[in-house]
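Each remark here refers to the structure printed beneath this line.
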Amino acid sequence: MTLTVDADVARRRIEELLRENETQILHRWTLIAKASSEELNDIYRALLASLEQGGDLADMRGLLAELSRSRARQGFTPADTARAVFGLKEALYEAVESDGGAEALRGFIWFSRLIDDLGLFTFETYTTARERIILDQAEQLLELSTPVVKLWEGIVAVPLVGTLDSARTQVVMEKLLQTLVDTGAEHAVIDITGVPAVDTQVAQHLLKAVVAARLMGAECVISGIRPQIAHTIVTLGIEFGDIVTKASLADALAHALRRSGIEVIAPKATRLAVRTEDV
């Protein structure tokens, strides 16, 4: 019973110090945390309110979660974000040291544990928010890295650059199929000029995209088959079946135009004759 009474007295003394020295503690905390005073004021008052209500930290945790998400978006480091919370201990310790009483020192030990728990909560929330931001950015980059462009009336192309994995194949198929629906195109060119290497897995992903486009009624041509890629395909025994392949995007476009009933005529070479006259 004595320990419980001493603990309650110590906690009340910390609450008194937080109220009596609010201005000084907030000023010191703002300098340590490198945060706006308005932001910390709300957290500080939520802390005082939670102490009055017997330790219900729901409101304070909500404010700390918002602080973590905000700092994650602004590019703060995890250490800076956690320091914004842990700094309150250092700011309060000056008031505890000035008090010098045994109750204040015992209360500071309890308060330190409380802030440590809140600091860990803030760090975990920051990490979760940062991971969400990274995933969103990765999805946005994936969207940008798989454009579907219109080459001609009824002909679309998907120029691929970089590694082709399962996630990216899914995005390619979705964008290609949606474009086929929107444009009514009957021919699609999948250009792999920018794909560094083609292995069995990449070939399977390409075949999936071709089959999906065929189900929509579009004929597919794969372009960008360089000599190194052709050698790899033959060595691995990869079969593209009846899928048309071309060395360049220009060749694939010419093929698609012919299949669309458009005659492609190569320009005639122009010869320039130069005659010199004796002076």
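Positions are given from 1, in the same order as the sequence printed here.
- Heavy atoms from other residues, nucleotides or ligands lying under 6.0 Å from CZ of R69 number more than 12.
- With a 4.5 Å cut-off on side-chain heavy atoms, L105 and I109 do not count as touching.
- In this view, T127 satisfies the side chain to side chain donor-acceptor pair (under 3.5 Å) rule with no residue, not counting sequence neighbours.
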For residues 16-27, dump all side-chain donor-acceptor pairs below 3.5 Å to protein atoms at least two apart in sequence or in another chain.
{"residue": "E16", "atom": "OE1", "partner": "R13", "partner atom": "NH1", "Å": "2.8"}
{"residue": "R19", "atom": "NH2", "partner": "E52", "partner atom": "OE2", "Å": "2.1"}
{"residue": "N21", "atom": "ND2", "partner": "L17", "partner atom": "O", "Å": "3.0"}

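- No more than 12 heavy atoms of other residues, nucleotides or ligands lie within 6.0 Å of CG in D59, so this atom counts as exposed by the packing criterion.
- Applying the side chain to side chain donor-acceptor pair (under 3.5 Å) criterion to Q74, with sequence neighbours excluded, gives S70.
- Atom CG of L206 is separated from atom SG of C220 by 10.0 Å, given to the nearest 0.5 angstrom.
- Nearest approach of A104 to I14, heavy atoms of both residues: O-CD1, 3.7 Å.
- Separation of atoms CD (E38) and OG1 (T30) is listed at 9.0 Å; rounding is to 0.5 Å.
- Placement of V85 and L120 in two distinct hydrophobic clusters is found when ILVMFWY residues are connected by side-chain heavy-atom separations under 4.5 Å, directly or transitively.
- Note that CG of D80 and CZ of R71 are 6.5 Å apart. Values are rounded to the nearest 0.5 Å.
- Applying the ring pair (Phe, Tyr, Trp, His ring centres under 6.0 Å) test to every pair with at least one member in residues 113-132, sequence neighbours left out, gives no pairs at all.
- Counting heavy atoms from C-beta outward, L151 and L249 have side chains that approach closer than 4.5 Å.
- To the nearest 0.5 angstrom, D251 atom CG is 11.5 Å from I225 atom CD1.
- In plain terms, the two heavy atoms of L67 and A84 that are nearest each other are CD2-CB, 4.4 Å.
- Residues passing the side chain to side chain donor-acceptor pair (under 3.5 Å) test with R226, sequence neighbours excluded: none.
- When the ring pair (Phe, Tyr, Trp, His ring centres under 6.0 Å) test is applied to Y93, the partners found at least two apart in sequence or on another chain are F108.
- Within the structure, the side chain to side chain donor-acceptor pair (under 3.5 Å) test picks out the following pairs touching residues 179-204 (sequence neighbours left out): Q178-D182, H187-E219, H187-S260, D191-T193, D191-S223.
- Contact between L88 and Y44 at its shortest, heavy atoms only, is CD1-CE1, 4.1 Å.
- Closest of all the heavy-atom pairs between I155 and A185 is N-CB, 4.1 Å.
- Checked against side chain to side chain donor-acceptor pair (under 3.5 Å), R28 has the following partners two or more places apart in sequence or in another chain: E90, E94.
- Using a 4.5 Å heavy-atom threshold, the side chains of I243 and R214 count as touching.
- A single hydrophobic cluster is not seen to contain both L40 and I32; linkage of ILVMFWY side chains at heavy-atom distances under 4.5 Å, directly or through other members, places them apart.
- A 4.5 Å side-chain heavy-atom check between W152 and I262 finds at least one atom pair inside the cut-off.
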Expected list for residues 227-239: side-chain donor-acceptor pairs under 3.5 angstrom, two or more places apart:
{"residue": "T232", "atom": "OG1", "partner": "Q228", "partner atom": "O", "Å": "2.9"}
{"residue": "T235", "atom": "OG1", "partner": "H231", "partner atom": "O", "Å": "2.7"}

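- Among residues at least two apart or in separate chains, side chain to side chain donor-acceptor pair (under 3.5 Å) pairs with a member in residues 110-125 are K89-D116.
- Considering CD of E97 and CG of L92, their distance stands at 11.5 Å, rounded to 0.5 Å.
- Going from atom CG of L114 over to atom OG of S50 covers 7.0 Å, rounded to the nearest 0.5 Å.
- The two residues A188 and L176 come nearest to each other via the heavy atoms CB-CD1, 4.1 Å.
- With sequence neighbours excluded, the residues that form a side chain to side chain contact (heavy atoms under 4.5 Å, CB included) with I134 are R130.
- Taking hydrophobic clusters as Ile, Leu, Val, Met, Phe, Trp and Tyr residues chained together by side-chain heavy-atom distances below 4.5 Å, F240 shares a cluster with V202.
- The cluster map of Ile, Leu, Val, Met, Phe, Trp and Tyr, joined by side-chain heavy atoms under 4.5 Å apart, puts L48 and W29 in the same cluster.
- Two different hydrophobic clusters hold I192 and M173 under the rule that ILVMFWY side chains link at heavy-atom gaps under 4.5 Å.
- Among all heavy-atom pairs drawn from V198 and A203, the shortest one is CG1-N, 4.3 Å.
- Take L63 and apply the side chain to side chain contact (heavy atoms under 4.5 Å, CB included) test, not counting sequence neighbours, and it matches D42, I43, A46.
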